[in-house]
Number of protein chains: 2
Amino acid sequence: MNLITRNTDYAIRALIYMAGAAPELVSATDLVRDLGLPRPFIRKILQELQKAGFLYSIKGKNGGFQLAVAPEKLRLVDLILLFQGPVSMGDCLLRKKICACTQTCPLRLELKKIEAMAVAHLQNVTVAFLMKG
Amino acid sequence: MNLITRNTDYAIRALIYMAGAAPELVSATDLVRDLGLPRPFIRKILQELQKAGFLYSIKGKNGGFQLAVAPEKLRLVDLILLFQGPVSMGDCLLRKKICACTQTCPLRLELKKIEAMAVAHLQNVTVAFLMKG
DNA sequence: TAAAATGATACTATAATGGTATCATTCTGT
DNA sequence: ACAGAATGATACCATTATAGTATCATTTTA
Ligand code: FES
Ligand code: FES
């Protein structure tokens, strides 16, 4: 069980790379060369990041991407949201129709606590933070 | 992204039910009737719980299962371990061969912190605890 | 001895993840 | 003008994990 999936992971690497390269444009080609990521996959990821407003893109020859958000404001939790959906570790699995007891079920309560801790922690993890390490 | 999967979830429900029914034996038939779980699936789960030493089983007509461990010692984290493998949210996804930087990578460090918090919390969640709620 | 239970094991279906592949469009340098 | 290098949009495919089913053998009791 992994907290982040590959697209999220690759997105982070790409964003850190771009933050370091700023204000230069970074192309998919650059990322493939320097980070060794599979080209079509990282292309798709970049397009999703652009659509979501995290990247500014310039088309055509010598084009590429730039961060559209300051590294301090680029939170891991938002990337997870984009690529994996909302962080919710405590959904009831018993029935599709949500259990009447969801609010009181002690198991869900505990799982929700863990979820809350995780999200709180993730709020502090930004691209800027990860660059320091 | 869910912290626990269905087999873990069903296992917990079954164990709570058994704890409540003790010292009576509980059969798969009972669980299907009272908890509405799919029969072949819960059967498999019960067999895994028995193999792992969480249940004591009696074969033959009027047979069934009993807890082999006190409810206070039956921890959710151990069930997760059994059905989902070790809780490890921060494995490096970049390469199969573990990154040289795993120990210093700031991203892994943060994910491992979250993992540690989650595990610590899960240690306190036992079948006995869940019965109170 | 039939019925009801578990033990063991193999198989299947669905969904999520992790990608590829293609074509259209845009921009730049020559 | 135009070739080449880049992104945009979209459809498709492969692998893995999850969530189950199905079957037959064995044990026990009424
Ligand atoms: S059984 Fe649905 S929330 Fe507890
Ligand atoms: S890149 Fe492998 S641990 Fe950070």
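Computed from heavy atoms alone, side chains included, the values below leave out hydrogens, waters and symmetry copies.
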Determine whether [X] and [Y] make a side-chain contact, defined as any pair of heavy atoms from C-beta on separated by less than 4.5 Å.
X	Y	value
Leu35(B)	Tyr17(B)	yes
Leu79(A)	Phe54(A)	yes
Glu110(A)	Leu76(B)	no
Ile4(B)	Gln84(B)	yes

ask   = Side-chain N or O of Thr5(B) less than 4.0 angstrom from OP1 or OP2 on dA17(D)?
value = no

query = Under 4.0 Å between a side-chain N or O of Tyr10(A) and OP1 or OP2 of dG19(C)?
reply = yes

Of all the nucleotides listed ([options]), which has the minimum atom distance to the side chain of [X]?
X	options	value
Gln50(B)	dG7(C), dA19(D), dT21(D)	dG7(C)
Arg6(B)	dA5(C), dG20(D), dA21(C)	dG20(D)
Asn7(B)	dA5(C), dT7(D), dA19(D)	dA19(D)
Phe41(A)	dG7(C), dT20(C), dG20(D)	dT20(C)
Phe65(A)	dG8(D), dG20(D), dG19(C)	dG8(D)

inquiry  = Can you build the contact string for nucleotides 22-30 of chain C? Use B for base contact, S for sugar-phosphate-only contact, and - for no protein heavy atom under 4.0 Å.
reply    = B--BBBB--

Arg6(B) with Asp9(B): basic N within carboxylate O range, under 4.0 Å = no

Whichever of Arg39(A) and Arg39(B) has its nearest DNA chain C nucleotide further upstream toward 5' =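 Nearer the 5' end of the strand: Arg39(B).
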
key: Interatomic distance where NZ belongs to Lys51(A) and C1' belongs to dT10(D) [whole Å]   = 9 Å

